[in-house]
Amino acid sequence: MLQAVTLRRGAKSLQAASRSFTRNLSSKPAWATIDVGEMGKLPTPYAVSNLVGGEWRKAKSEMLIPHPLDKNQHSIFSVPDTDVSELEPFFKSMRKVPKSGVHNPLKNPHRYVEYGEISRLAGAALSDEKVAEYFAELIMNCVPKSKGQALGEVKVTADFLNNFAGDNVRRLAKSFGVPGDHYGQFSQGHRWPYGAVGLVTPFNFPLEIPVLQLMGALYMGNKPVIKPSEQVSVVMEQFVRLLIHSGMDPNDLDLLNCRGPVVEKLILETPLRVTQFTGSSKVAEHLSQATNGKVKIEDAGFDWKVIGPDVDDVDYVAWQCDQDAYATIGQKCSAQSICFIHENWKSTNLLAKMKENAEARSLSDLTAGPVLTQTTKQFLDHANSIAAIEGAEILWGGKELKDHNIPDIYGAVEPTAVFVPLEEMMKEENFSLCSTEIFAPFQVVTTYDDDSVDLVLHALEKMSHHLTAAVVSNDLEFQSKILSNTVNGTTYVGRRARTTGAPQNHWFGPAGDPRGCGIGTPEAIQLVWSCHREIVNDNFVPDGWTQPKAT
């Protein structure tokens with residue numbers, strides 16, 4: 001059985017962590033083990049470690065992670081290429097976890113309090129300007145994005161941790177009671193952990209997505225094993241070191257670096273009670289079948305924006321469209337993949353302004369940059385295939401970036417938009433191509449009029465994944481028509497509507513799929529990382545009870 005951290009030991013470690021944060025942090029925090037300024041400059045790069053059974057460990061082999069901006073530079077770090085034969089410590093660690101979890105409402109409740117304090121300290125650290133800068137630079141070295149986008153990711157993560165400081169962790173496990181049928185009977189509903197759980201996390205938000213899901217798993221009393229994307233795993237390694245510095249027992253989680261088939265073996269043969277996966281829909285479907293549905297999924301997002309018939313605030317709408325489609329180099333599951341524009345906007349310069357904003361993006365400030373999931377050829381082939389549809393045309397982009405030295409395994413492309421007539425897009429032979437998410441700075445643009453609103457709704461109905469959406473309109477009747485006939489999980493509506501945005505203050509996640517999971521809010525944490533347990537107290541046999549006739 002797992003040995004729970006005692007309250008006395010936990011209190012001492014948290015007090016020590018609290019004192020350590022009173023000192024001024026240097027550019028490299030005290031707990032950090034990599035200097036971000038040296039990434040890509042050393043012939044022997046920093047080696048990320050696994051964490052298992054409370055110990056940092058290496059593997060027999062390693063994977064070198066190339067510099068994403070300059071193929072002539074040294075690798076930025078290496079990660080353990082853990083083999084199946086090296087999984088035994090992970091099997092041993094996760095198989096020790098009872099199904100009742102490390103803590104639950106009836107067992108080790110002091111750990112709710114301890115994690116409230118760990119969150120407070122980690123949130124305070126990420127809120128510190130120097131630590132925020134450290135993580136932002138670390139993120140940008142791994143998955144190039146603008147400084148504003150990287151700092152925004154750190155801020156959301158810090159705000160989330162601050163939200164669950166103090167008593168808010170234990171409030172996640174708040175129970176409820178219902179009176180019974182007779183004296184002495186009372187039912188209580190509890191949020192109960194799963195025990196041993198897994199997380200497989202993506203490259204595009206290497207701090208925010210893993211941390212929000214990881215902390216939710218820990219808050220609810222599970223022991224997680226987390227497998228981050230190899231390209232960015234150094235970010236999670238450093239955050240786990242921060243958690244330990246903040247008072248977390250290193251036995252509370254395992255960190256595994258490996259290839260996909262290796263973590264799949266761990267997931268299936270432990271077996272983990274539930275695995276939360278964020279990433280491609282193809283892998284999500286494979287995991288769902290392999291685990292017999294014991295997954296929580298936040299996968300693909302071919303996200304739509306419908307710009308309504310009421311025209312106003314053209315500059316703002318154009319700016320938001322550009323941000324939604326191309327910020328973070330389009331590598332967001334919530335990125336604007338298709339934009340339906342009402343013909344009333346033809347009288348404005350909306351498209352011209354969108355083009356101007358897109359063409360202002362630059363590799364120099366990382367508002368444009370490497371695409372880590374598509375090569376340049378794959379991207380351009382996709383854009384040209386859509387542009388070959390009758391009546392379609394490339395509106396802007398559709399070219400390789402100039403003056404770059406991005407590795408050939410990645411894409412180096414200009415932000416791109418392709419116009420496709422709505423009627424042509426809806427043809428059976430074209431729709432699948434036009435509604436394919438490629439996780440890159442790419443969008444389809446089309447137009448509609450009052451008579452073809454239902455055709456737009458038909459297009460939205462045909463899409464297979466329902467993550468985010470935007471209805472850009474202050475026309476209440478139009479809003480209601482679109483909203484009442486669609487299903488996307490996080491939907492913004494109004495003139496300032498956007499598709500991107502996963503802050504800590506509201507639910508973010510898909511709808512329409514029973515495997516779908518949210519992130520960030522108490523409701524999301526409870527849904528993903530706990531199940532319902534009903535305990536019915538029935539205590540007193542009434543005086544004078546006699547045995548009734550059998551039924």
With sequence neighbours left out, write down each residue that passes ring-ring contact (aromatic ring centres under 6.0 Å, His included) with [X], or none if nothing qualifies.
X      : answer
Tyr448 : His342
Phe77  : none
Trp319 : Tyr316

Should [X] and [Y] count as side-chain neighbours, where that means a heavy-atom distance under 4.5 Å?
X      : Y      : result
Leu214 : Met236 : yes
Thr44  : Leu42  : no
His465 : Ser281 : yes
Ser119 : Asn162 : no
Val472 : Val306 : no
Val52  : Leu256 : no
Asp312 : Val317 : no
Ser49  : Lys58  : yes

Taking all heavy atoms of [X] and all of [Y], pick out the closest pair and write down the distance.
X      : Y      : result
Arg515 : Ser288 : NH1-OG, 3.1 Å
Pro68  : Ile406 : O-CG2, 3.7 Å
Asn204 : Cys333 : ND2-N, 4.0 Å
Ser127 : Ala158 : OG-CB, 3.7 Å
Asn50  : Asn257 : OD1-N, 2.8 Å
His466 : Val487 : CG-CG1, 3.4 Å

Side chains of [Y] and [X]: any donor to acceptor distance under 3.5 Å?
X      : Y      : result
Gln336 : Thr500 : no
Asn488 : Thr491 : no
Arg495 : Ser473 : no
Tyr492 : Thr499 : no
Asp70  : Asn405 : yes
Asp303 : Ser337 : no
Gln276 : Thr278 : yes
Asp365 : Thr367 : yes

Counting N and O atoms only, with roles assigned by atom type, does the side chain of [X] sit under 3.5 Å from a partner on the main chain of [Y], one being a donor and the other an acceptor?
X      : Y      : result
Asn474 : Gly494 : no
Gln443 : Val418 : no
Thr376 : Ala412 : yes
Gln238 : Thr33  : yes
Thr328 : Gln331 : no
Ser362 : Ser364 : yes

Pair [X] + [Y], salt bridge at N-O below 4.0 Å:
X      : Y      : answer
Lys60  : Asp83  : no
Arg361 : Glu414 : no
Lys145 : Glu153 : yes

Quick one: pull up OH in Tyr46 and CG in Asp35 and give me the separation to the nearest 0.5 Å. 11.5 Å
Once rounded to the nearest 0.5 Å, what's the spacing between atom CG of Leu69 and atom CG of Leu363?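 Answer rounded to 0.5 Å: 6.5 Å.
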List the steps, then state whether side chain to side chain contact (heavy atoms under 4.5 Å, CB included) holds for Phe302 with Ile338. CA-CA 8 Å; Phe302 188 82; Ile338 187 167; 3.6 Å; yes
Please determine whether side chain to side chain contact (heavy atoms under 4.5 Å, CB included) holds for the pair Cys321 and Ile307, giving the CA-CA distance in whole Å, both sets of side-chain angles, and the decisive distance to 0.1 Å. CA-CA 10 Å; Cys321 283; Ile307 301 180; 4.0 Å; yes
Under 6.0 Å from the six-membered ring centre of Tyr134 and within 45° of its axis: does the NZ or CZ of Lys28 meet both?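 That pair does not qualify as a cation-pi contact.
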Do any pairs count as a side chain to side chain donor-acceptor pair (under 3.5 Å) and have a residue in residues 388-398, sequence neighbours left out, and if so which ones?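 For residues 388-398, and leaving out neighbouring residues, the side chain to side chain donor-acceptor pair (under 3.5 Å) pairs sorted by first residue read Tyr326-Trp396.
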Walk me through whether Glu343 and Thr447 qualify under side-chain hydrogen bond (donor to acceptor under 3.5 Å, both in side chains). CA-CA 6 Å; Glu343 66 172 6; Thr447 56; over 6 Å; no
For the pair Phe135 and Trp31, name the ring-plane relationship: parallel under 30°, tilted 30 to 60°, perpendicular over 60°. parallel
Could you go step by step and tell me if His286 and Glu264 meet the side-chain hydrogen bond (donor to acceptor under 3.5 Å, both in side chains) rule? CA-CA 10 Å; His286 174 77; Glu264 181 179 342; 3.0 Å; yes
From CA spacing to verdict: side chain to side chain contact (heavy atoms under 4.5 Å, CB included), Ile409, Thr375: CA-CA 6 Å; Ile409 61 171; Thr375 65; 5.7 Å; no
Decide yes or no on side chain to side chain contact (heavy atoms under 4.5 Å, CB included) for Cys517 and Val295, but give the supporting numbers first. CA-CA 9 Å; Cys517 69; Val295 291; over 6 Å; no
Check the surroundings of atom [atom1] in [X]: do more than 12 heavy atoms from other residues, nucleotides or ligands lie under 6.0 Å from it?
X      : atom1 : result
Lys71  : NZ    : yes
Glu429 : CD    : yes
Arg57  : CZ    : yes
Lys41  : NZ    : no

Can you pull the ring-ring contact (aromatic ring centres under 6.0 Å, His included) pairs that have at least one residue in residues 402-428, sequence neighbours excluded?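 Output for this query is empty, none listed.
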Assess the residue pair Lys130 and Glu133 against the criterion (salt bridge (charged side-chain N to carboxylate O under 4.0 Å, His left out)); give the C-alpha distance rounded to whole Å, side-chain angles, the decisive distance to 0.1 Å, and a yes or no. CA-CA 5 Å; Lys130 291 181 179 178; Glu133 183 77 15; over 6 Å; no
Set of residues satisfying salt bridge (charged side-chain N to carboxylate O under 4.0 Å, His left out) with respect to Lys332, sequence neighbours excluded: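 Partners of Lys332 under the salt bridge (charged side-chain N to carboxylate O under 4.0 Å, His left out) test: none.
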Show the numbers, then the answer: is there a side-chain hydrogen bond (donor to acceptor under 3.5 Å, both in side chains) between Gln320 and Asp324? CA-CA 6 Å; Gln320 188 64 70; Asp324 283 343; 3.0 Å; yes
